[in-house]
Amino acid sequence: MFFNRKAAEEKPEDILMDTEVYACMDDGCNGWMRKDFASNDLKCPLCGNETSMEVRELPKIN
């Protein structure tokens, strides 16, 4: 039987960066969006409530 371990070893590591996001202010909602992809009205994409700016450590997008 042949096992290909080479592909698993070559997987690039995720680079984490401090990223500005808009997070929902509703305690029951986990909605958030990156600042680069935020809508113009800055409403939560899941529930439509107001959002506030936060900084989170997220993987870099190429």
Side-chain angles (χ1 to χ4, degrees):
M1 193 178 271
F2 177 77
F3 295 98
N4 186 2
R5 295 184 187 187
K6 185 176 181 180
E9 294 172 2
E10 292 180 4
K11 181 184 174 209
E13 294 183 25
D14 288 334
I15 299 171
L16 298 178
M17 299 180 60
D18 287 338
T19 307
E20 292 179 341
V21 299
Y22 290 102
C24 185
M25 296 176 69
D26 185 8
D27 292 334
C29 181
N30 290 328
W32 62 274
M33 55 193 159
R34 291 177 188 251
K35 181 179 178 182
D36 297 339
F37 302 108
S39 58
N40 291 335
D41 62 0
L42 299 179
K43 299 284 184 182
C44 175
L46 300 178
C47 67
N49 286 329
E50 297 293 321
T51 59
S52 63
M53 181 167 300
E54 296 179 358
V55 175
R56 295 187 182 186
E57 194 170 278
L58 300 172
K60 179 181 177 183
I61 296 179
N62 295 332

**Student:** What distance separates L58 CG from E20 CD, expressed to the nearest 0.5 Å?
**Tutor:**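 The CG atom of L58 sits 11.5 Å away from the CD atom of E20.
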
**Student:** Test E54 against W32 for side chain to side chain contact (heavy atoms under 4.5 Å, CB included), laying out the working first.
**Tutor:** CA-CA 9 Å; E54 296 179 358; W32 62 274; over 6 Å; no

**Student:** Rounded to the nearest 0.5 Å, how far does OG1 of T19 lie from CD of E57?
**Tutor:**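 Answer for the CD-OG1 pair, E57 versus T19, is 8.5 Å.
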
**Student:** Around M17, counting heavy atoms of other residues, nucleotides and ligands shown, do more than 12 lie under 6.0 Å from its CE?
**Tutor:**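 Incorrect, the count does not exceed 12.
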
**Student:** Let me confirm one number: the NZ-OG1 distance from K43 to T51, rounded to the nearest 0.5 Å.
**Tutor:**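 Separation between the atoms: 8.5 Å.
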
**Student:** How close do G31 and C44 get, counting heavy atoms only, and between which atoms?
**Tutor:**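 Taking G31 first and C44 second, the nearest heavy atoms are CA-SG, 4.0 Å.
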
**Student:** What closest approach, in Å, do P59 and R34 show between heavy atoms, and which atom pair accounts for it?
**Tutor:**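 For P59 versus R34, the nearest heavy atoms are O-NH2, 3.0 Å.
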
**Student:** How long is the gap from CG on D26 to CD on E50, to the nearest 0.5 Å?
**Tutor:**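 Between atom CG of D26 and atom CD of E50 there are 11.5 Å.
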
**Student:** Rounded to the nearest 0.5 Å, what separates atom CE in M33 from atom CG in L46?
**Tutor:**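 Answer rounded to 0.5 Å: 9.5 Å.
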
**Student:** In this structure, are over 12 heavy atoms from other groups packed under 6.0 Å from N30 atom CG?
**Tutor:**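 Not buried by this count: 12 neighbours or fewer within 6.0 Å.
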
